[in-house]
Amino acid sequence: MSPSRAIFRLATPTTLVMLIAATSNVLYTYYVSRIGADAIAAVSLVFPIALLAITAMGGGIGAGAASAVARALGAGRKHEATAVAEHALVLSVVIGIVFGLVILIGAPTLFQLMGGRGAVLQSAVMFARVLFGGAVITFVGAMFDSIMRGEGNVRVPAIWSSTSLLLQIVLTPLFMFVAGLGLIGAPLAMLASQFLATIPRARYVFGGGGVVHPAPLPRTFALAPLGEILRVGVPASLATMINYVGMMVLTGVLARFGEAHLAAYGLGTRLDFLLLSFAYGFGAAVLTLVGLVTGAGHPDRALTYITRAGVIIVGLLTIPGVLLWWRPGLWLGIFTNDPGIQAVGAAYFRSIGPSYPFMGVAMVTAFAFQGLGRATAPLVWMIVRVIGVVAVALTCTQWFGLGDRAVFLTVAAGNVISAAVMASLFLRVQYRIRTRPE
């Protein structure tokens, strides 16, 4: 199969799921906005943590599992892929329990440090405790999808992810308004939807529907499968955590300007997440393809996949970037008519919107590194990037007394530089692979 066809075949189902996710998230935010500005601000505090949880599992530990499964199958070692899948599922349960307990205990302190006060802080704590109390459901469902994507099966994850999202669209207003649960109904609806969609995933994977046939528990606990998962998953998860720690710090910086800044930043980053979901679809495809050719002993072919995917994602993200730079109210007006939020949100999109294609390139390249089984270089760069962006933003606001636009422009510059550095690092790795002796 040609590289472009292979990319589209693997990316299209996931990208279609992302379209449904975009609709679901827009409606989710809309429902929350009907409660009031305090509710938007509260969910804006929780949103970076939710991003951290989702991407640390899907783009971190889940990516490590998908990469390990793909490399094992590419090398013809099906038994090794099965062991990886079994250990990955146990790992997702353990991480879900630990993460939920951390949020249960530490949510008040965390959100206070991020700038939450009064009613906004109380709502954020309540929302987070419910949402992350069911982290095991979220993480196990995501791990089933990662295992299937690692073997090249994107159809089944797409079907049940879509089902979960459509259920969420229906259940959220029912829980919030019909059942009278208010803000707390939103996370309850999400968890209920995810749980219902995880059951058929489990039946498919454990019932032998795929290439890999894992058992619910490992037949034999071993360090080797965990090592294959974690050597990609840990650096990828740490990179995700560091990125969102930086995002949380920036949330705290902007929260000190006022609730309008906090709400606008939350609405802006939510759209960022939705747009990057498209990059995730192509990045996940690149991870699987790069993992397969690496396992088969042809890692030099990875450059072809990443180049084709990069061109596609630049085209996809340039359109919304330009559109929101021109008319930021197209997004902001869905949720609020508050002039303060509108003004800050316009500054956000006119500063960061043009950098969206660069964000996509950096993300796809990071997935390619994971497919190679080399996630350390992206981790090191993420540390440098986050420290640099946070330091410059704090210097601009605390020392020079500059406003929100300085923070937004700093983030945009970081996106551009990140794309250039990640591409350079990948080219360097490819050069070493091509020139190393057989």
Side-chain angles (χ1 to χ4, degrees), residues 7-34 43 47 50-51 53-55 57-59 62-63 66 131 134 137-149 153-176 185-202 204 267 269-288 309 312-313 315-317 319-320 323-324 330-331 334-335 356 359-360 363-364 367:
I7 291 169
F8 273 107
R9 180 168 179 175
L10 291 180
T12 298
T14 304
T15 304
L16 290 175
V17 171
M18 295 304 107
L19 285 172
I20 300 172
T23 303
S24 177
N25 275 280
V26 169
L27 290 172
Y28 190 85
T29 307
Y30 174 78
Y31 296 141
V32 170
S33 71
R34 296 307 91 188
V43 175
F47 189 58
L51 281 177
I54 293 168
T55 53
M57 178 52 63
L131 180 63
I137 298 172
T138 304
F139 289 1
V140 170
M143 189 57 73
F144 280 128
D145 288 349
S146 294
I147 292 167
M148 288 185 278
R149 289 192 184 105
N153 181 352
V154 291
R155 182 182 61 87
V156 174
I159 290 171
W160 294 112
S161 294
S162 300
T163 301
S164 175
L165 291 164
L166 292 171
L167 283 171
Q168 185 178 323
I169 290 173
V170 174
L171 293 181
T172 299
L174 292 178
F175 279 38
M176 291 180 68
L188 285 174
M190 180 182 293
L191 291 174
S193 302
Q194 291 175 348
F195 177 75
L196 291 173
T198 297
I199 295 172
R201 287 176 168 114
Y204 182 90
L267 293 175
T269 52
R270 181 169 287 272
L271 182 64
D272 294 351
F273 176 68
L274 296 182
L275 292 177
L276 287 180
S277 296
F278 294 99
Y280 177 87
F282 285 90
V286 167
L287 184 154
T288 299
I312 295 166
I313 206 63
L316 286 174
L317 295 184
I319 296 172
L323 192 61
L324 288 165
L330 292 174
W331 171 258
I334 298 173
F335 309 105
Y356 284 152
M359 293 170 64
M363 185 174 182
V364 169
F367 272 104

* Tell me, with the steps shown, if Leu323 and Leu330 meet side chain to side chain contact (heavy atoms under 4.5 Å, CB included). => CA-CA 9 Å; Leu323 192 61; Leu330 292 174; 3.9 Å; yes
* Evaluate the criterion side chain to side chain contact (heavy atoms under 4.5 Å, CB included) for residue pair Leu275 and Leu271; output intermediate values, then yes/no. => CA-CA 6 Å; Leu275 292 177; Leu271 182 64; 4.2 Å; yes
* Go through the steps for Thr14 and Arg149 under the test side chain to side chain contact (heavy atoms under 4.5 Å, CB included), then give the verdict. => CA-CA 10 Å; Thr14 304; Arg149 289 192 184 105; 3.9 Å; yes
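Here Ile169 contributes atom CD1 and Thr172 contributes atom OG1; the two are 8.5 Å apart, rounded to the nearest 0.5 Å. The distance from the CG atom of Leu10 to the CG atom of Asn153 is 9.5 Å, given to the nearest 0.5 Å. To the nearest 0.5 Å, atom CD of residue Gln194 and atom CD of residue Gln168 are 7.0 Å apart. Between the OG1 atom in Thr288 and the CZ atom in Phe367 there is a gap of 9.5 Å [rounded to 0.5 Å]. Interatomic distance, CE of Met359 versus CG of Asp272, reported as 4.5 Å (0.5 Å rounding). Separation of atoms OG1 (Thr12) and CZ (Arg155) is listed at 14.5 Å; rounding is to 0.5 Å.
For the side chain to side chain contact (heavy atoms under 4.5 Å, CB included) criterion with Leu167, the lone passing option out of Thr163, Val170, Leu165 is Thr163.
Taking each heavy atom of Ser146 and Ala66 in turn, the nearest pair found is O-CB, 3.4 Å. Heavy atoms only, all atoms of each residue included: Pro157 and Met148 are closest at CG-CB, 3.7 Å. Of all the heavy atoms in Ser161 and Asp145, the pair that sits closest is OG-OD2, 3.2 Å. Taking both residues in full, the closest heavy atoms of Leu131 and Ala50 are given as CD2-CB, 4.3 Å, listed atom of the first, atom of the second, then distance. Considering all non-hydrogen atoms of both residues, Ala53 and Phe139 come closest at O-CE1, 3.5 Å. Met176 and Ala186 get closest at one heavy-atom pair: CG-N, 3.6 Å.
Within the 3.5 Å criterion, the main-chain N or O of Tyr30 finds a donor-acceptor partner in the side chain of Ser33. Side-chain N or O atoms of Trp160 include none that pairs as donor or acceptor with a backbone N or O of Gly141 at under 3.5 Å.
Within a 6.0 Å radius of CZ in Phe195, no more than 12 heavy atoms belonging to other residues, nucleotides or ligands are found.
With contacts defined as side-chain heavy-atom distances shorter than 4.5 Å, the pair Thr138/Leu191 qualifies.
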